[in-house]
Amino acid sequence: MKKQSREIPGRWSQRKRDIGTVVWVAFLAACVGTFVVFAVLDPEALNDAWVLPWEMGSRLAYSLGFLFLFCVSLIASALTTFMIRTGPRRGHARGKGKKPPPVIHAPEDENPDLDLGDWK
Amino acid sequence: MTEQPAGESLYRKEPKIYPRQVTGRFARLRVVSVWVLLGLFYLLPWIQIGGRQSVLFDLPARKFYIFGLTFWPQDFVYLALLLITAGLSLFFFTALAGRLWCGFACPQTVWTEVFIWIERWIEGDRQKRMKLDAAPWTAQKILRKSAKQFVWIVFAAWTGFTFVGFFSPIRELGASVMSLSLGPWETFWTVFYGFATYGNAGFLREQVCKYMCPYARFQSAMFDKDTLIISYDTDRGEPRGGRRKNVDKQEAGLGDCINCTLCVQVCPTGIDIRDGLQYECIACAACIDVCDQVMDKMGYPRGLVRYTTEHSLKHKTAHVIRPRIIVYGLLLLVIISGTLYGMTHRVPLRADLIRDRNALYRELPGDVVENVYTLKITNMDNAPHRYDMRVLNNAAVEVDLSRPLELGPEEVAGISVRLRLPRSAGQGVQHLDIQLQAADDPSIRKVIKAKALMPIEFGKQP
């Protein structure tokens, strides 16, 4: 409760912004996709090529087409957001961040007796 | 990257990772896995089973041929089951022993391994490669580098060709490559897949695992404290430190880790396993192999870095066989055996009876009512069959077919069917169960439901 009260009214938390963006962008992409797909594809003509045992009307075809594209776009944008959020932060490539790259040296530096043999 | 002293630049200054070559149990296991998996990939399309390519995904004909079985679009359920099996296996194996998939079976790992073999074969071992990269462009360097690129590109092109060979009969494909008459789409996909192989295995390598692969980020959700993971035994290893061989480590106050940093140098993702479990770790077990060798040379027991569980590292009882594993394992067993049962017991016949849309029914002389349908029938078997058609629940129905139900292997036919009923059979909708059965094999049998329409005469009860 304490944490919530500190939030400024009308401002969204990062998680809310992420979810909102993911859903809305996926919806837009699915709309465009549905337009393009059904502009060149007649669901009535699809009936002959349909393989599953129940029959599909054109209305159902439009709806399923949209929902399918929406699901696919949702998965893609949610995964993208997830990968970016959980990935390394800014400055990672320049060696910044929580963890510096591990320090290494020649094995024999500290262990003069170590016989590395053929895999030196 | 932090600045390294000049003397150490050989190891870390280059942003490119030059993993040291490792030998050992797990390295051998990976070699076996590469040979088996890539062997399957490159050889399967060339093997013929029953006069047909052993694995062929014929997309234009919408048929998949897998080891003598033919899968039709109607067998979609098996694809779904296959995906569920794959997902469950990922859960099962990750919960059991971490990222086994990444270290030994992922195409990214397997092809990268081969590309590194080629690189090592042409450019030499790690030291030679680093020297070669640092050296000026002499004729020798140009020769070696271009030889490597040439072999890489040939191998990648062969990979792309084999990939397309899973979708288009590979023998014919090979013949059209020889006569330079490869179709545009075949060319495109060969080049595309070849380029993807070259880019991923030759250049991106473990960067794909570190930055692009979602599995790495999800792994923690599938791990628990009894999962076998590659870990450094901190209690045994610390305090780490260099030493001479005859030093008594207890007197010197040292653990078993001699801080040779070889575990870091062999790591393809460039992490230090001694810092604990990290999402970059692809569980290739190279650090186990190299550390075991160092322990052997020092005369210490093996296993400072080993497959172990968080519980056993904390000196608690480890339960590798635990409810989670048993539940995943049982589910996996049920789904796999169900899929196999379904695949071996499926009826290779598909039939649909579609009503003629133009007329409800036709009244024929002699108080007979006729309903017209189209029978869409598919013989999904690899042998020809003749089928008998019979109405099970209404003996009065007379079946009239436009042609005998004889279908060749994998033939699809649309046959006009007329069902004639005497007016006395009823009024309104009649529900019929129609059986199709192969004459030579009674197990190939299918019952379809159909509706026959009859005139309704008002005031007269059926």
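Throughout, a chain's letter reflects where its sequence line sits, starting with A, and its residues are numbered from 1.
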(request) Check whether B:Met212 gets within reach of chain A through its side chain, its backbone, both or neither, counting any heavy atom under 4.5 Å. (result) backbone
So which atom in [X] and which in [Y] form the shortest heavy-atom distance, rounded to 0.1 Å?
X	Y	answer
B:Thr261	A:Val103	CG2-O, 3.8 Å
A:Pro102	B:Gly270	CG-O, 3.4 Å
B:Ile258	A:Glu110	O-OE1, 4.3 Å

(message) Rounded to the nearest 0.5 Å, what separates atom OG1 in A:Thr86 from atom CZ in B:Phe218?
(response) 8.0 Å
(message) So, taking the atom named CZ in B:Arg217 and the one named CZ in A:Arg85, what distance separates them when rounded to the nearest 0.5 Å?
(response) 12.5 Å
(request) Taking the side chain as every heavy atom from C-beta outward, state whether B:Pro214 and A:Met83 have any atom pair closer than 4.5 Å. (result) yes
(message) Using a 4.5 angstrom heavy-atom cutoff, name the option from B:Val22, B:Ile354, B:Asn259 with the most pairs to chain A.
(response) B:Asn259
Looking at [X], I'd like to know if its [atom1] atom is crowded, meaning that more than 12 non-hydrogen atoms belonging to other residues, nucleotides or ligands lie closer than 6.0 Å.
X	atom1	result
A:Arg11	CZ	no
A:Phe68	CZ	no
B:Trp117	CH2	yes

